[in-house]
Each structure stands twice: as structure tokens, then as C-alpha cells.
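Inspection log for the structure reproduced underneath, given as C-alpha cells.
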Amino acid sequence: MKPADDNRGKTLGMWLFLYSEIILFGGLFVLYAVFFSRFSQDFVQGGHELSRIIGSINTLILLTSSFTVAASITAIRRNQVKTAICLIGFSMACGLVFLINKYMEWGHKIHMGIYPNSERLMESSPGFNIFFGMYYIITGLHGLHVLIGTILLGVSLVMLIKGKITQDSHALLENSGLYWHLVDLIWIFVFPLFYLVL
Amino acid sequence: MTDIPSFFETPSPPGLTGIKAWLLTTDHKRIALMYLWAVLFWFMLAVIFGLLLRVELMSPGKTIMDARVYNSLFTLHGVVMIFLFVIPAIPAIFGNFILPIQIGAHDVFFPKLNLLSWYLFMLGGLLAVISLFSGGFPDTGWTFYVPFSVNTQSNVSLTVLAAFILGMSSMLTGLNFITTIHRMRADEMGWMQIPLFTWSLYATAWVQLLATPVVSITLLLVVFERLFSLGLFDPDKGGDPLLYQHLFWMYSHPAVYIMILPGMGVISEIIPVFSRKAIFGYKGIVWSSMAIAIAGSLVWAHHMFTSGMSDVAVFVFSLLTFLVAIPSAVKVFSWISTMYKGSIAMEPPFFYALVFIYLFSLGGLTGLVLGSAGTDIHVHDTHFVVAHFHFMMFGGTGFAFFAALHFWWPKIFGIMYDFKKAYVAAILTTIGFVFHYVPMFILGLQGMPRRYYDYLPIYHTGNFLAGWGAFIMVGGIALMFVNLLMSFRQNIRATDNPWGGTTLEWAIPSPPPVHNFPEKPHIDDLPYDFRLIVEAEKNRVKKGQSHP
């Protein structure tokens, strides 16, 4: 079989890439675990500073978008191109809303004087500072992945409209979908670690 | 078969001409050659850096440079050697060229991604160079330990970013290889019929894929720390510098297996060919590759015995380190057993392979000295460590790289080099090597620390000797490259199978055509079956013909 027709091979490559992404975040989660065991009290205090409502909304948004991406792949398998286009468009919109939410959340935090090296963080206990250090790095890196995922979905959308993604050849859509699920999956871990730590 | 044009004459994708035929190519063979020239350039540069360092150390006090330049030079020597030579050398050059051919494929699975990896590699190298000329030389050593790497004024961010991009390039190459081996093997080739070089690259690729992201995130954290001073590694702000070391070595120790496994693969390929005998313990070598890849990922903290760890952790990491010696020894014994009662044909690639086994074994044994916690406390961060890892990195991977160059040179370019000069170069390099690094073992045992600019008079003799060794070694290396390059001018055509190899790359023309296999390749039941080769050689002797 030629690589160009080998959808399974392309998906395999994507899975391998996703492993590496998981380990990229894994390094950060290891750091989180070490600091959490050292400063559990401060982490709880830090968790109270975050808005659980915005966090929950973002979780809901990502979960929904993950569903619609999966549905769009099923749609293209059944050759329902229009449905697939709508579903992907919706998922992209979800990604953008997530990013806007994140932007407002960060803006709010910075407004409250919580940002790296700020006076407030320097005066509070070290654990509190570390909590927000981890918060900015992990959610920032995750946000970057949401952005990349949205762009990938956008590329798939263009390809769908151009008719380059079809019932028989939809590896690109499937891979973008897999990437989007990964973004979702990581958020599933990030959300409780920061917003629900009590 | 000579009427088929080689890949040098056929651009891929078709229609490209001149420099574009190289820079935009997706042909794995052309990409491999682009890696070859880039890697050789970096190697020579780093060799010169190393030579300057040793000249500086030949006498106490200032010899040719001041302490600041010295610090930058050993950082650069390390960064360039590790990230731009040792890690990419064998996988990116010979892996790219030989791996698809060995499994009967026309190319790697993601040819465009392969080209992207090359561009990332070049970009990383470029950034490393730029970091030199903007904001001062980095002076942290290649390990970028915090807090110094976060506090120093020099331009660490850019160097670290370069390492990040190079890691990405190496990871994508690994991803490509795994997919290629899974999806593009010839239909008749089962897992236990894959040539050992490809197997070793498979094990390497998994380590590249699973370990590199850890160092990527660690290096990113250093950049973030420098930009935003979050304080994750700063005790004043609640952080912990030890965590950096853990994260760094979690990748960088597996990385040493990224460096050595492909080298072992090359040797496993060369030894049976020149012994005219099937490799001893094929499965043992396959599984030991995988065992090294797995066990090697669990030993990182043996770099940190003196950094502050619980005794239990020290014990566990020391034990695991010892365990890695077992699969490594399995390989060494398999190579030796292959030669036993074989019909040895002494030729330059084989000679390099023999030197590899010798130097690698010595390096491995001294590694055990460092792996056991007690003796490590004594020699930690001394020249003993420097000598040990140069035995492995250079005596191991470096000589495997030289062996591979001499082994596949006629296949890649279709020309043969001069044997006599190759032997002289190999002997000079080896003698220089031993003179260069053995004094360092002794210096280390006497207590001379690594990375120091100056030293006490008692260390003078050792450093002085090591300096002369360095000159002999560099002379040998230079002669080797001159000899290889001279082959272009002499232009002695090599046959398709000059060494009598049995793997698929020897069944196709030299240099290979752009679509590797003009005819569907025939896959032997066993990858190292020399009966036909030996038979043919006997017939040739009977007919009174000389060796090709």
C-alpha cells in the first residue's frame, strides 16, 4: 500500500505524536505533584482564588466540542459533508470561546495583582506563588494547544469545503480530531488540579 | 543493473533542478546526504573547540584563552557535539538512507515530515550560532543547570531554544521511523526478519519519542524562568533547583541510549558481514536493544548521587544502572561469538567495529564505577566522568559512526576509498584516543574536577599527555576525512555489493536509484544468511579471480 492511501499509518503517526504531547504535559504534572505534596495548604488557598464557574463553563465547552468533532468524523464516514462542515465549524467556535474565556480569566487575575513576580505574590507564602506559577505555565501551554487545535480544525474545514477530505480519505480530519481530543483530555486533568483543589 | 540512473541523477519530486532538487527534495536518500554534510560540519567545528580546550589545559594557568572563553568553549563543545553530532549522526544520516532500503520500502512513511525535520535541524544549528554572537557566549555547560542558567547574563535563552528545536527534529525523525517500520515493511518481512540496524533504530525511535518531550518542557521552563521569573526552581520563591536536575536527566539519560543504540546497530550489521557468518543470538540482540531502551529510561538519577537524594532512591537507581550493563554485555558477547570460527575478512569497516568493541567495553566497565553510589561520590564531577562518557560517546558512537561511514560509503556514493589510508587513520585515531582519555581517568581518580580552567601542578603531567593525545587523534580524524573525500577524485567505482552483505541495501545498485528497488526485492528467511556469499567466493577462488 502506498503511504498516501494508508489512513491507518497516518493515524499511527498521529498517535505517536500524541504520546509525546502527553509526556510533555506529564513533566509539568510531575512538577505539580511534587509541589502539591510540599505546599498542599497554599494550593488550596490558591484554588479558592480561581473562578470555578468559568472553569466549569470552559470544561463544558471543550467536552461539547470534542463530541462535535467526533460526530463530524462519523458524518464524513457516512458522506454527509454538510453536516461535517457545520460540526467542525461549531467546534472551532467552541475553541475560540474557550480562548476568550481564558483571556478574560487571565486578565482578571493580572488585574488583581496575581502575575509572575508581582508584589502580591512575592509577599504571600512561597506555595501560593508556586501555585500561580504552575497555573500560568500549564494553562498557558494548554491554551497554546487549544489555539493550535483550532487552527488544525480550521485547515480541515477548508479542506472539507474544497472537497479534499472525502469519505475514503479523511486522515487529516481524523488526526485533527485526535489532536482536539488530546487538548480536551489534558484539560480534564488541568481543571480539577487547579479549580477543584480543596 | 548499471543502466538505471542513480538518485543523484533523478530529482524527487521530479522536475526540480539545481539546488532546489536538494532543498525541496522528499527523497530520503537526498535528505540523508544533506544531514551528512551538515553533521560533518558541526562535528569538525566541535572537534576544533575540543582541541582548543585541551591546548588550554596543557599547562596550568592561562595558555591561549581566558577563563570566560574557556567556559563558553566547553559549553559549545558539549552542545554542538551532543545535539548536532552524536544524537543525529547515525539515525539522521544512515537511518534515513539505509532504514527504508533495509525493509524493502521506497521511502519513509512521511517524506515531507522528514524534510521538515532537516529544516528544524538546520534552524536549531543556526540559532545556536546566533546565540554566540548576540548577548555573549553561553557559559553554563550543556546541562544548563539552574540556578546559574537562569541568573547568568549570557544568552542562554536562545541556546536553550536551539536545543528545544533540535529535540523536536530528532523526535519527528523517531516518529517517522516507527511509522515506517510498522507500515512499510515488505509484505514478506516479519518482525524477526528485520535487519538489526533497523531494529536498533526502532528501539532508539521509541526513546526519542518518549524522552524528548521531557527535556523540551524542561528547557521551555528555563526560558520562562528567565523571561518571567516564576520561581519554580528558585528556593526563595518556593521552588526547588533539584527538580530541574531530575527533569533534565529524565530525558538526558535516555538520550545517551539514543546516542549509543544506533551505534550498536551499525556494529551488529558490520560484524556478521566481515565474519561471513550469521549473527550470533539475533533475538538476543533485538531484545537487548529493547531492554536497554526500557531500563535506560529508569536510571536518570545516577547523575545526581551527590545532589541530595534519599538512600533508598540512591540504592534503586544504582541497581537499575547495573541492570543496563546486562543487555549491553549480551550484545558484546554476541558480536564476539559471531566472530568465533567465522571467516574473517579484515577490511576498514570491520577494523573500526573492532575498535568500537574495545573502547565501548572499557567505557561500559568504567560506567559501572560511576553507577555504584560509593565510588561515584569519590569521582563525581571529576575528569573520570569526562573520560568515561567520551569513551562511550566518542569511542562508542563516534567510532560506530566512522565504521558506518566506511561501510556504507561505497553504497551511498558508488565509489571506493583507499584502504591503506583508512587503516592508518583508524590506528592514529585509536592511539590518539587512548593517549587522550586514559590520562583523564587517572586525573579523575586523583581528584581533578571537570570544567575547571586551572589546576594544581600535580595534574600537569596527565593534562600535558592528554593534550598530545588530542593532536594525534585529530590528525587521525583529519586523515580519515581527507581519505574519504579523496575517493571522489580517484573515482574508483565500487561494485553493488563490495563487502558481501546480505541485507537488502546490498541487493540494489550503488548508488541506489531514486525508487530504491527496480525489481521487487526478495526477502530471505533469515536476514544474515551468508551461505550464498561464501559459495560465490569459493567459486571465484577456484576460477582464480581476485577479490573484487
Side-chain angles (χ1 to χ4, degrees), chain A residues 1-39 42-43 46 110 115-118 121-138 140-141 144 171 175, chain B residues 26 100 105-113 164 167-168 171-172 174-184 187 205-206 208-221 223-225 227-240 242-244 246-248 250-251 297:
Chain A
M1 202 187 321
K2 273 185 160 174
D5 312 324
D6 186 359
N7 279 331
R8 265 191 73 189
K10 286 179 190 164
T11 320
L12 174 70
M14 192 65 196
W15 273 107
L16 294 173
F17 181 69
L18 295 187
Y19 289 155
S20 75
E21 287 278 7
I22 288 174
I23 289 179
L24 186 85
F25 277 92
L28 288 175
F29 287 138
V30 167
L31 273 186
Y32 182 96
V34 173
F35 285 128
F36 181 70
S37 74
R38 201 172 289 174
F39 307 112
D42 294 323
F43 270 44
I110 291 169
Y115 53 88
N117 242 355
S118 69
L121 281 187
M122 287 303 102
E123 282 161 11
S124 53
S125 62
F128 194 72
N129 173 46
I130 291 293
F131 178 82
F132 278 101
M134 295 302 303
Y135 167 79
Y136 276 113
I137 284 186
I138 292 185
L141 205 63
L144 186 69
N175 284 348
Chain B
T26 50
H106 288 302
D107 206 327
V108 291
F109 192 89
F110 299 109
K112 285 180 194 155
L113 188 69
F164 175 83
M168 188 114 155
M171 196 195 81
L172 290 177
L175 186 152
N176 220 336
F177 285 173
I178 297 180
T179 321
T180 309
I181 293 170
H182 272 277
R183 302 297 301 175
M184 293 186 73
D187 296 334
W206 274 107
Q208 283 175 312
L209 196 70
L210 296 182
T212 313
V214 183
V215 86
S216 303
I217 192 68
T218 315
L219 295 177
L220 276 187
L221 285 174
V223 176
F224 288 152
E225 284 292 329
L227 291 178
F228 307 116
S229 38
L230 299 161
L232 294 181
F233 303 129
D234 181 355
D236 282 345
K237 296 178 180 173
D240 190 343
L242 208 58
L243 284 175
Y244 172 84
H246 273 294
L247 284 177
F248 180 80
M250 225 183 266
Y251 160 77
S297 303

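Keep in mind that this is a model prediction, so the values were computed, not measured. Below, chains carry the letters A, B, ... as their sequence lines are ordered, and counting in each starts from 1.
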Could you give the side-chain donor-acceptor pairs of residues 19-33 of chain A under 3.5 Å, partners two or more places apart or in another chain?
residue : atom : partner : partner atom : Å
A/S20   : OG   : A/F17   : O            : 2.6
A/E21   : OE1  : A/H145  : NE2          : 2.6
A/E21   : OE2  : A/H145  : NE2          : 3.3
A/Y32   : OH   : A/L193  : O            : 2.3

*Decide yes or no for A/L16 and B/W206: does some side-chain heavy atom of the first lie under 4.5 Å from some side-chain heavy atom of the second?*
yes
_Would you say that more than 12 heavy atoms from the other residues, nucleotides or ligands in this model lie under 6.0 Å from the CE of A/M134, or not?_
yes
*Proximal component of B/L221, with respect to chain A [non-hydrogen, under 4.5 Å]*: side chain
*Is it the case that more than 12 heavy atoms not belonging to A/R38 sit under 6.0 Å from its CZ atom?*
yes
*If you count heavy-atom pairs under 4.5 Å with chain A, which of B/V214, B/T212, B/D240 comes out on top?*
B/D240
*When heavy-atom pairs shorter than 4.5 Å are enumerated against chain A, which of B/L220, B/N176, B/L175 gives the highest number?*
B/L175
*Mind running side-chain contact (heavy atoms from CB on, under 4.5 Å) on A/V34 and B/H246 for me, showing each step along the way?*
CA-CA 12 Å; A/V34 173; B/H246 273 294; over 6 Å; no
_Please classify the contact between B/L210 and chain A as side chain, backbone, both or neither, with a heavy-atom cut-off of under 4.5 Å._
both
*Would you mind reporting whether A/L12 and B/F109 have side-chain heavy atoms less than 4.5 Å apart?*
no
*Of the backbone (N, CA, C, O) and the side chain (C-beta and beyond), which part of A/F39 lies under 4.5 Å from a heavy atom of chain B, both, or neither?*
side chain
_Greatest number of heavy atom pairs closer than 4.5 Å to chain A - which of B/G239, B/A105, B/A211_ = B/G239
Expected list for residues 228-236 of chain B: side-chain donor-acceptor pairs under 3.5 angstrom, two or more places apart:
residue : atom : partner : partner atom : Å
B/S229  : OG   : A/N117  : ND2          : 2.5
B/D234  : OD1  : B/D236  : N            : 3.1

